[in-house]
Novice: 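Okay, handing you the structure first.
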Amino acid sequence: MIISIASGKGGTGKTTVATNLAMAIGSDVQLLDCDVEEPNSHLFINPVFEKTITVTTPVPEIDEKKCNLCGKCDEICQFKAIIVIADTTVMTFPELCHSCGGCEKVCPENAIKEISRELGIIQKGYRNGIEFVHGKLRVGEAMSPPLIVRVRSFTKPDKFTIIDAPPGTSCPVIASMKNTDFILLVTEPTPFGLHDLKLAVGAVKMLNIPCGLVINRSDIGDNKVKDFAKKEGVPVLLEIPFDRNIAEAYSRGDMIVEKLPGFKEKFLTLHDNIKRIVN
Amino acid sequence: MKELIIISGKGGTGKTSLMAAFAYLAENKVLCDADVDAADLHLVTAPDILEKHDFQGGNTAIINKDKCTECGLCIDLCKWGAISETFEVNSIECEGCGVCVYFCPEKAIDFPLNTCGEWYISDTRFGPLVHARLGIAEENSGRLVSLIRQEAKKLAEEKGLDLILTDGPPGIGCPVIASIGGADAVLIVTEPSVSGKHDMQRVVQLANHFKVPAFLCVNKFDLNKDITDEIEKFAKEKGLTCLGYIPFDQIFTKAMIQGQTIFEYDSNSSSAQAIRKLWESLLENLSVCMKDK
């Protein structure tokens with residue numbers, strides 16, 4: 001089973017829920033941190049990394065001796081990553097390339113070959129019974145979805161796989177949520193939390209995946225998040241009240257299932273409820 | 001004209017609450033919300049929308065079944081696995097690269113331009129606001145960010161305003177790169193947690209990579225004073241100026257629920273005072289950094 005943990009708004013507690021759920025389950029569980037722009041789960045899980053892989057994506061290189069400046073590559077590229085200027089020069093902008101392979105395919109002179117651009121790295125490690133994988137986007141690299149896809153390729157079908165998704169509702173979030181069995185949304189009961197939750201529920205509906213809700217700092221705001229969840233038929237599976245001790249434990253990188261009483265049971269119940277909904 | 005972007009790396013460190021507070025304090029400015037896929041600034045600024053425009057970015061392949069002979073070439077060519085065996089294009093998977101459109105021997109694939117969001121020019125009680133809404137699951141957030149930054153600049157020129165204050169998105173990817181490129185400075189809002197510090201370090205690297213001057217401030221500084229010290233030490237090592245410290249205070253949530261800035265909610269609070277000091281120090285540093293340019 002694969003579940004993803006998402007939120008719309010940043011800082012609502014996705015990583016807290018993902019890491020504590022993994023720790024509470026403890027064995028036969030995978031945690032894939034797909035927030036490749038700002039991966040944080042490792043700071044809480046502290047895995048021992050045993051493998052680091054550099055991930056690249058193909059981009060074009062032009063052999064100017066073969067190129068006759070016909071301009072077909074410029075014409076097919078939708079991302080302005082190859083430009084032929086006034087029939088005299090051809091230029092590539094590898095950072096804009098989406099690796100569609102169109103230019104190489106269309107070139108009648110076979111003047112284009114693939115070289116690679118580094119997207120970032122993937123690291124894999126373990127802590128006890130948790131298999132941990134995360135991606136780290138290279139600083140300066142704009143495109144995170146292809147790296148997210150590569151992190152997800154580590155999914156093992158016989159395990160309970162938890163994906164920590166990035167904030168927002170655009171392409172990196174969709175890349176982290178699609179083709180999962182369940183989406184656990186984490187929000188806080190504030191106007192920003194509610195507004196971004198509505199967007200996240202919209203994305204979940206578009207993907208047609210069952211979902212549930214965790215309300216973090218559940219007593220700091222108003223009831224509008226609960227009213228919305230009820231109206232949309234999204235079950236509230238866990239509420240975590242505001243507690244400065246939790247905030248302080250989080251700030252140090254401590255796990256609440258280890259440091260505060262009662263939380264391990266709460267996360268195990270959450271796990272059971274998710275399995276029940278999916279099956 | 002100065003353009004300042006507020007970013008954080010990590011989400012939820014308080015960018016938008018701080019931005020709203022600055023909106024109250026700043027004079028002669030245009031506000032801009034560049035967090036286009038989860039924009040929240042309008043929840044505090046309550047804009048009256050004056051202009052609404054479609055944002056078109058990218059195309060999506062659509063197979064015309066009347067012309068399609070089901071030869072399967074498009075399925076072979078598509079690097080995104082977006083075309084099913086029954087020759088339907090999954091619009092969520094389609095990258096808009098047009099390779100299938102180009103090579104289809106029957107010219108059976110249409111490639112319409114997407115309307116994938118909206119952008120607005122609005123009036124608020126703090127002055128003009130340029131903001132946007134990217135459609136759910138849409139791409140091209142970077143292009144939309146670039147567009148609203150240009151529009152904010154145009155508006156500032158037209159109205160003779162000398163500051164653009166921009167609320168940036170979280171992360172370090174496409175929309176953040178589009179938000180900070182060519183800006184006069186970024187203010188990085190961090191918090192003293194292991195993740196806040198980690199993410200701040202990556203976003204500092206990003207600002208350095210694109211050669212944008214960066215300033216730092218620590219929100220919730222008293223939540224973990226050890227990490228606040230570590231952040232300070234890091235800033236010193238990197239030659240970054242830490243301009244202010246804001247306490248961990250529920251007042252931000254209370255103000256947000258009222259749809260108010262912290263100054264409207266309680267201008268005498270210690271948090272409001274801390275932000276006023278931060279703002280003054282930011283203005284001083286901005287003018288120094290503009291002189292150096």
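Chain naming here is simple, since letters A, B, ... match the order of the sequence lines and numbering starts at 1 in each. Both backbone and side-chain heavy atoms feed into the values below; hydrogens, waters and symmetry mates do not.
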Novice: Check B:Glu191 against A:Tyr250 and note the closest heavy-atom contact, atom names and distance.
Specialist: OE2-CE2, 3.9 Å
Novice: Taking all non-hydrogen atoms of both residues into account, name the closest pair between A:Gly101 and B:Lys79 and its distance.
Specialist: CA-NZ, 3.9 Å
Novice: Using a 4.5 angstrom heavy-atom cutoff, name the option from B:Gly135, B:Gly14, B:Ala39, B:Ser17 with the most pairs to chain A.
Specialist: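 Most heavy-atom pairs under 4.5 Å with chain A: B:Ala39.
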Novice: Does B:Arg133 CZ have over 12 foreign heavy atoms under 6.0 Å away?
Specialist: no
Novice: Chain A heavy atoms under 4.5 Å from B:Pro192: which part of the residue, side chain, backbone, both or neither?
Specialist: backbone
Novice: For the atom pair CZ (A:Arg244) and CZ (B:Phe248), what is the distance rounded to the nearest 0.5 Å?
Specialist: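 Those atoms lie 6.0 Å apart.
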Novice: Which of the residues B:Asp199, B:Leu77, B:Ile92 is involved in the greatest number of heavy-atom pairs with chain A at under 4.5 angstrom?
Specialist: B:Asp199
Novice: Looking at side-chain heavy atoms only, is the closest gap between A:Glu95 and B:Ile177 below 4.5 Å?
Specialist: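 Not in contact.
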Novice: Look up atom CG in A:Leu43 and atom OG in B:Ser193, then write down how far apart they are to the nearest 0.5 Å.
Specialist: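 The CG atom of A:Leu43 sits 8.5 Å away from the OG atom of B:Ser193.
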Novice: Does any heavy atom of chain A fall under 4.5 Å from the side chain of B:Asn59, the backbone, both, or neither of them?
Specialist: side chain
Novice: Of the backbone (N, CA, C, O) and the side chain (C-beta and beyond), which part of B:Leu206 lies under 4.5 Å from a heavy atom of chain A, both, or neither?
Specialist: both
Novice: Indicate the atoms forming the closest heavy-atom contact of B:Gln250 with A:Ile220, along with that distance.
Specialist: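 Closest pair (atom of B:Gln250, atom of A:Ile220, distance): OE1-CG2, 3.9 Å.
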Novice: Taking atom OG of B:Ser195 and atom CD of A:Glu38, what is their separation to the nearest 0.5 Å?
Specialist: 9.5 Å
Novice: With a 4.5 angstrom heavy-atom cut-off, is it the side chain or the backbone of A:Val36 that approaches chain B, or both, or neither?
Specialist: backbone
Novice: Would you check if A:Phe192 and B:Val44 make a side-chain contact, meaning some heavy-atom pair closer than 4.5 Å?
Specialist: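 A side-chain contact exists here, since the closest heavy-atom pair is under 4.5 Å.
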Novice: Regarding A:Lys178 and B:Glu93, does a basic nitrogen lie under 4.0 Å from an acidic carboxylate oxygen?
Specialist: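 Looking at B:Glu93 together with A:Lys178, the answer is yes, because their closest N to O distance falls below 4.0 Å.
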Novice: Which atoms of A:Pro191 are under 4.5 Å from chain B, going by heavy atoms: the side chain, the backbone, both sets, or neither?
Specialist: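 Backbone plus side chain of A:Pro191, per the 4.5 Å heavy-atom cut-off to chain B.
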Novice: Can you confirm whether more than 12 heavy atoms, excluding those of B:Lys254, are under 6.0 Å from its NZ atom?
Specialist: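 Open: at most 12 neighbouring heavy atoms sit under 6.0 Å from NZ of B:Lys254.
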Novice: State the OG1-NZ distance between A:Thr15 and B:Lys10, to the nearest 0.5 angstrom.
Specialist: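 Reported to 0.5 Å precision, the distance equals 6.5 Å.
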Novice: Is the closest side-chain heavy-atom distance between B:Tyr102 and A:Lys105 below 4.5 Å?
Specialist: no
Novice: Can you tell which of B:Thr228, B:Asp226, B:Leu223 makes a side-chain contact (heavy atoms from CB on, under 4.5 Å) with A:Ser251?
Specialist: B:Leu223
Novice: Given that the side chain runs from C-beta out, which part of A:Pro39 has a heavy atom under 4.5 Å from chain B: side chain, backbone, both or neither?
Specialist: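 For A:Pro39, backbone and side chain are both near chain B.
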Novice: Using a cut-off of under 4.5 Å on heavy-atom pairs, state which of B:Gly9, B:Pro170, B:Ser141, B:Ser8 scores highest against chain A.
Specialist: B:Gly9
Novice: Under the 3.5 angstrom rule, does the side chain of B:Asp37 hit a backbone N or O of A:Thr169 as a donor-acceptor pair?
Specialist: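 Yes, because the side chain of B:Asp37 sits within donor-acceptor range (under 3.5 Å) of the backbone of A:Thr169.
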Novice: Just so I understand: if I count every heavy-atom pair under 4.5 Å between each of A:Asp35, A:Val149, A:Val106 and chain B, which residue has the most?
Specialist: A:Val106
Novice: Roughly how far apart are A:Thr190 OG1 and B:Ile257 CD1, rounded to 0.5 Å?
Specialist: 6.5 Å
Novice: Side chain, backbone, both or neither: which part of B:Thr253 has a heavy atom under 4.5 Å from chain A?
Specialist: side chain
Novice: Taking every heavy-atom pair that is under 4.5 Å apart, which of A:Glu75, A:Met177, A:Met143, A:Arg217 has the most such pairs with chain B?
Specialist: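 Most heavy-atom pairs within the cutoff with chain B belong to A:Glu75.
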Novice: Is A:Leu199 close to chain B through its backbone or its side chain, or both, or neither, when contacts mean heavy atoms under 4.5 Å?
Specialist: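 Contact with chain B involves both backbone and side-chain atoms of A:Leu199.
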Novice: Does the side chain of A:His195 come within less than 4.5 Å of B:His42's, by heavy atoms?
Specialist: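 Yes, at least one pair of side-chain atoms sits under 4.5 Å.
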Novice: Checking B:Phe111 against chain A: side chain, backbone, both or neither under 4.5 Å from a heavy atom?
Specialist: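 The answer is the side chain of B:Phe111.
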Novice: Which atoms form the tightest heavy-atom contact between A:Phe79 and B:Glu95, and what is the distance?
Specialist: CZ-O, 3.8 Å
Novice: Report the C-alpha separation of B:His198 and A:Asn40 in whole Å, then their side-chain angles, then the decisive distance to 0.1 Å, and conclude whether the side-chain contact (heavy atoms from CB on, under 4.5 Å) test is met.
Specialist: CA-CA 8 Å; B:His198 171 270; A:Asn40 288 152; 3.3 Å; yes
Novice: Highest number of heavy-atom pairs under 4.5 Å with chain A: which of B:His209, B:Gln205, B:Arg202?
Specialist: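 Highest number of pairs under 4.5 Å: B:Arg202.
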Novice: Within the supplied structure, the quantity of interest is the number of heavy atoms (other residues, nucleotides, ligands) at a distance under 6.0 Å from A:Arg150 CZ; does it exceed 12?
Specialist: no
Novice: State, with a plain yes or no, whether a side-chain heavy atom of B:Ile172 is found less than 4.5 Å away from one of A:Glu141.
Specialist: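 The answer is no; the side chains never approach within 4.5 Å.
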Novice: Highest number of heavy-atom pairs under 4.5 Å with chain B: which of A:Pro166, A:Gly11, A:Cys100?
Specialist: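 Greatest number of close heavy-atom pairs with chain B: A:Cys100.
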Novice: Can you establish whether the number of heavy atoms outside A:Asn110 located under 6.0 Å from its atom CG is more than 12?
Specialist: no
Novice: Counting heavy-atom pairs under 4.5 Å to chain B, which of A:Leu194, A:Asp196, A:Asp222 comes out on top?
Specialist: A:Asp196
Novice: Select one option (side chain, backbone, both, neither) describing which atoms of A:Leu207 are under 4.5 Å from chain B's heavy atoms.
Specialist: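 The side chain, not the backbone.
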Novice: Between atom SG of B:Cys97 and atom CD of A:Gln78, what is the distance when rounded to the nearest 0.5 Å?
Specialist: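 Here the rounded value is 7.5 Å.
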Novice: Are there over 12 heavy-atom neighbours, none belonging to B:Lys107, within less than 6.0 Å of that residue's NZ?
Specialist: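 More than 12 within 6.0 Å, yes.
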Novice: List the atom of A:Ser170, the atom of B:Leu134, and the distance in Å for their closest heavy-atom pair.
Specialist: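 Shortest heavy-atom contact: CB-CD2, 3.9 Å.
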Novice: Picking from A:Lys9, A:His98, A:His42, A:Glu248, which has the most non-hydrogen pairs under 4.5 angstrom with chain B?
Specialist: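 Winner by heavy-atom pair count: A:His98.
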Novice: Chain A: which of B:Val36, B:Val99, B:Asp40 shares the most heavy-atom pairs with it under 4.5 Å?
Specialist: B:Asp40
